[in-house]
Amino acid sequence: VVNTGAEDYKKFQEWQQVQEKSIGEAINSEIEKLGEKSKDPAVVQDTMNKAILSQIENIQKSAATLDLKDAQVNALKDKALEAMALGAKMISENDKLAKNPTPDAHKAFGELQAQLDKIAAEGQKIEAELATKYGPAPAPAPAPAPAQK
């Protein structure tokens, strides 16, 4: 049995970077389309939310095509997707909350936040175990320090 853990972990990290980049690009391109309206923070927030929500759907589809054999890496992927789905729910709850700040709306939002915190913590734990097992994500090389005299 070939241990694909290290490979899968690297594959997942690369996939994640691509997804984060695509969310960032989607947000930027939508905000650019706003033109003058981009001075209105509410419009910008709404636009960002819509861009994120549309990207989350693409990411979930893309995640289904990720061929990961390592159980732990798959668990990390599931946590990332779970966090994304919750993030999407929080965006819509936040909209409701802004329009109708009832105690129930606050409670619903608070519960989502608590769930998200829990999932994020679980994800970070898995990520830390994988990083310990397979080494951290490749970091960009630091700039050379000036020579000391």
Side-chain angles (χ1 to χ4, degrees), residues 1-34 37-38 40-143:
V1 178
V2 181
N3 180 354
T4 60
E7 239 171 82
D8 282 357
Y9 183 47
K10 185 171 177 270
K11 197 191 294 182
F12 173 75
Q13 286 178 315
E14 286 166 357
W15 173 82
Q16 208 173 21
Q17 284 166 353
V18 170
Q19 305 317 313
E20 284 166 9
K21 192 169 168 247
S22 75
I23 288 178
E25 286 168 357
I27 289 172
N28 292 339
S29 84
E30 289 304 313
I31 287 176
E32 276 170 24
K33 289 180 201 164
L34 289 175
K37 289 189 203 146
S38 68
D40 180 346
V43 172
V44 169
Q45 187 61 54
D46 197 44
T47 301
M48 281 176 67
N49 291 351
K50 285 188 178 121
I52 292 168
L53 291 172
S54 72
Q55 285 303 306
I56 286 174
E57 273 178 49
N58 297 340
I59 290 169
Q60 287 166 333
K61 284 180 196 142
S62 162
T65 67
L66 257 188
D67 181 24
L68 303 172
K69 289 166 189 69
D70 187 84
Q72 211 174 8
V73 179
N74 264 315
L76 182 60
K77 177 187 84 172
D78 292 343
K79 289 290 168 206
L81 290 172
E82 225 179 309
M84 251 178 251
L86 268 175
K89 268 190 204 158
M90 286 181 74
I91 289 172
S92 62
E93 280 300 323
N94 197 27
D95 280 351
K96 285 184 208 164
L97 190 59
K99 293 178 183 100
N100 189 14
T102 64
D104 281 349
H106 277 285
K107 185 171 175 262
F109 189 77
E111 283 167 4
L112 284 173
Q113 183 65 60
Q115 261 181 298
L116 187 60
D117 291 345
K118 182 174 172 277
I119 288 166
E122 289 165 1
Q124 282 161 350
K125 185 173 173 267
I126 298 170
E127 180 105 47
E129 287 168 10
L130 285 166
T132 305
K133 214 190 287 188
Y134 303 122

| message | Could you go through Q113 and D117, starting from their C-alpha distance and side-chain angles, then the distance that decides it, and tell me whether this counts as side-chain contact (heavy atoms from CB on, under 4.5 Å)? | response | CA-CA 6 Å; Q113 183 65 60; D117 291 345; 3.0 Å; yes

Given side-chain contact (heavy atoms from CB on, under 4.5 Å), test L66 with N74 step by step and report yes or no.
-> CA-CA 9 Å; L66 257 188; N74 264 315; over 6 Å; no

Test side chain to side chain donor-acceptor pair (under 3.5 Å) applied to N28 and E32, step by step: CA-CA 6 Å; N28 292 339; E32 276 170 24; over 6 Å; no

Apply side-chain contact (heavy atoms from CB on, under 4.5 Å) to residues N94 and L97 and explain how you reach the verdict. CA-CA 5 Å; N94 197 27; L97 190 59; 4.2 Å; yes

> Can V44 and M48 be said to form a side-chain contact (heavy atoms from CB on, under 4.5 Å), step by step?
Replying inline: CA-CA 6 Å; V44 169; M48 281 176 67; 4.1 Å; yes

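Nearest heavy atom pair, residue F109 against residue E93, reads CD1-CB, 4.0 Å. G5 and Y134 make their closest contact through CA-OH, 3.2 Å (heavy atoms, listed as atom of the first residue, atom of the second, distance). Closest of all the heavy-atom pairs between A88 and L53 is CB-CD2, 3.3 Å. M84 and I56 get closest at one heavy-atom pair: O-CD1, 3.4 Å. Between E30 and A51, the closest heavy-atom pair is CG-CB, 4.0 Å.
E82 contributes atom CD, which lies 3.5 Å from atom CD1 of I119 (distance to the nearest 0.5 angstrom). In this structure, D104 CG and K96 NZ are separated by 11.5 Å, a value rounded to the nearest 0.5 Å. To the nearest 0.5 Å, atom CG of residue L86 and atom CD of residue Q115 are 5.0 Å apart. Between L130 atom CG and K125 atom NZ the span is 11.0 Å, to the nearest 0.5 Å. For the atom pair CD1 (I52) and CD1 (I23), the distance works out to 6.5 Å, reported to the nearest 0.5 Å.
When the ring pair (Phe, Tyr, Trp, His ring centres under 6.0 Å) test is applied to F12, the partners found at least two apart in sequence or on another chain are W15.
Of the possible polar contacts, one joining the D8 side chain to the D70 backbone as a donor-acceptor pair under 3.5 Å is found. A donor-acceptor pair under 3.5 Å links the side-chain atoms of T102 to the main chain of A105, judged by distance alone. In this structure, K79 contributes its side chain and E122 its backbone to no donor-acceptor pair below 3.5 Å.
Side chains of N49 and Q45: a donor-acceptor N/O pair is present below 3.5 angstrom, by distance only. Between the side chains of Q72 and K133, a donor-acceptor pair is found at a separation under 3.5 Å.
Using a 4.5 Å heavy-atom cutoff, the side chains of K77 and L81 are in contact. Side chains of L76 and L68 form no contact here, defined as non-hydrogen atoms less than 4.5 Å apart.
With E14 as reference, K10 is the one residue of K10, Q17, K11 to meet the side chain to side chain donor-acceptor pair (under 3.5 Å) rule.
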